[in-house]
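Read the structure below first, then the notes.
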Number of protein chains: 2
Amino acid sequence: MITRNTRQKSAIRDAFEEAGRPLSTGEVLDLAQNKVGGLGIATVYRNVKSLVDEGWLATVELPGEPPRYEISGKDHHHHFQCESCGRVFELHGCLPGLEKLAASGFTVKRHELVLYGGCPECSVKRRAN
Amino acid sequence: MITRNTRQKSAIRDAFEEAGRPLSTGEVLDLAQNKVGGLGIATVYRNVKSLVDEGWLATVELPGEPPRYEISGKDHHHHFQCESCGRVFELHGCLPGLEKLAASGFTVKRHELVLYGGCPECSVKRRAN
DNA sequence: TCCCACACGAGAGTGAAGAATCACTATCAT
DNA sequence: ATGATAGTGATTCTTCACTCTCGTGTGGGA
């Protein structure tokens, strides 16, 4: 568990706060390297794990993708992945009645929903081509 | 692409038809070995890939899990994963209006939904403890 | 029935995510 | 300001899912 307030850990926290969306370890490395030049991937893994352990980050698992991480404590929500750039965004809200889809005998405790399509940035680009 | 009708390929197809739910490569190996004793994992991978290529199987991706496979050609549906035994089951139907969750500027093309909880078998076991 | 290309099984190899190691560096209580 | 020690960065190691290799066996056309 990392407890000191290092430049690296700050840069990693800043990356999440400025991105405002779930980030993969590779994205964290790219973004945080803008602030701390020689930042290594091992430090990203260490600090992300540490931030998850202390509850500041939550893990976001999407189908067929390595885990992403987002700032924790937010209301129940789901995610959107752009099929063009691969970036993941937050959605707000949810739909009631999802547990009705389960057949009798099944107990539903939680659910995950992911929408796929084009993000605003990629949709604009495609229209311009 | 495997074109011959071998005992191994039949056993693998049978496993999917008898299970009636998405199977991982490990589950396919277990189930098909009941019919063809010395079945090897490489043969499972070869045949599953072949069955996907010829359109008989479809790939099912769940968050944080290696891919599973199911018989293709079914109506739009989603999946349920038991948090106790890890097995995946089919759900029937869907909910309208999911694309409403996306903010303006996002184009929604498809979605994935996964419910988590207890399957009938595991729920009964737990109650019995 | 014969034959051989194709498929099989066992095990080694590969690639990627992430953890461990280690010499060096930076933080922070004193 | 100092120094104990936690953290860093480069690298190696581990793990796991999956693929390849190669010698053996078999499906199915002639």
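Lettering of chains follows the sequences in order, A, B, ..., and the numbering in each one begins at 1. Computation of the quantities below employed the complete heavy-atom set of this structure, encompassing side-chain atoms and omitting hydrogens, waters and symmetry-equivalent molecules.
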* **Steps toward side chain to side chain contact (heavy atoms under 4.5 Å, CB included) verdict (A:L62, A:Q81)** => CA-CA 9 Å; A:L62 298 191; A:Q81 183 169 31; 4.0 Å; yes

Measuring to OP1 and OP2 of [N], would you say a side-chain N or O of [X] lies under 4.0 angstrom away?
X: B:T3; N: C:dC6; value: no
X: B:T6; N: C:dC6; value: no
X: B:N5; N: D:dT26; value: no
X: B:Q8; N: C:dG9; value: yes

Separation of [N] [atom2] from [X] [atom1] (nearest whole Å):
X: B:L29; N: D:dT19; atom1: CG; atom2: C1'; value: 16 Å
X: A:R7; N: C:dT27; atom1: CZ; atom2: P; value: 7 Å
X: A:K49; N: D:dT8; atom1: NZ; atom2: P; value: 14 Å
X: A:E54; N: D:dG7; atom1: CD; atom2: P; value: 11 Å
X: B:I2; N: D:dT26; atom1: CD1; atom2: P; value: 16 Å
X: B:K9; N: C:dA7; atom1: NZ; atom2: P; value: 8 Å
X: B:Q33; N: C:dA10; atom1: CD; atom2: C1'; value: 13 Å

Legend entry - Residues which pass ring pair (Phe, Tyr, Trp, His ring centres under 6.0 Å) with B:H79, listed by chain and number, not counting sequence neighbours: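 Here the qualifying residues are B:H77.
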
Spell out, yes or no, whether B:L31 and B:L39 are grouped together once hydrophobic residues are joined by side-chain heavy atoms under 4.5 Å, including indirect joins.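 Yes: a chain of side-chain contacts under 4.5 Å links B:L31 to B:L39.
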
Classify the ring geometry of A:F16 against A:W56: parallel below 30°, tilted from 30° to 60°, perpendicular beyond 60°. perpendicular

Worksheet item: Any Lys/Arg nitrogen of B:E99 or B:K109 sitting under 4.0 Å from an Asp/Glu carboxylate oxygen of the other?
Response: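 No.
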
Check your understanding: Any Lys/Arg nitrogen of B:E112 or B:R110 sitting under 4.0 Å from an Asp/Glu carboxylate oxygen of the other?
Key ->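 B:R110 and B:E112: salt-bridged.
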
* Asked: Any donor-acceptor pair under 3.5 Å between the side chain of B:R4 and the base of C:dC6?
  ->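 Looking at the base of C:dC6, it does pair with a donor or acceptor on the side chain of B:R4 (distance under 3.5 Å).
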
- Query: Of all of residues 36-46 of chain B, which get a heavy atom below 4.0 angstrom from DNA chain C, listed by number?
  - Reply: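 Heavy-atom cutoff 4.0 Å gives B:G38, B:L39, B:G40, B:A42, B:T43, B:R46.
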
Exercise for review: Indicate whether the side chain of B:H76 and that of B:H111 have a donor and an acceptor atom separated by less than 3.5 Å.
Suggested key: yes

### Side chain B:S72, main chain B:G55, donor-acceptor under 3.5 Å
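Pair found, side chain donor or acceptor close to backbone of B:G55.
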
Practice item. Mind running a 4.0 Å heavy-atom check of residues 55-71 of chain A against DNA chain D and sending the residues that fall below it, in number order? Key: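 Output list: empty, so none.
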
Problem set entry | ring-ring contact (aromatic ring centres under 6.0 Å, His included) between A:F89 and B:F106, worked out | CA-CA 10 Å; A:F89 301 88; B:F106 289 86; 5.3 Å; yes

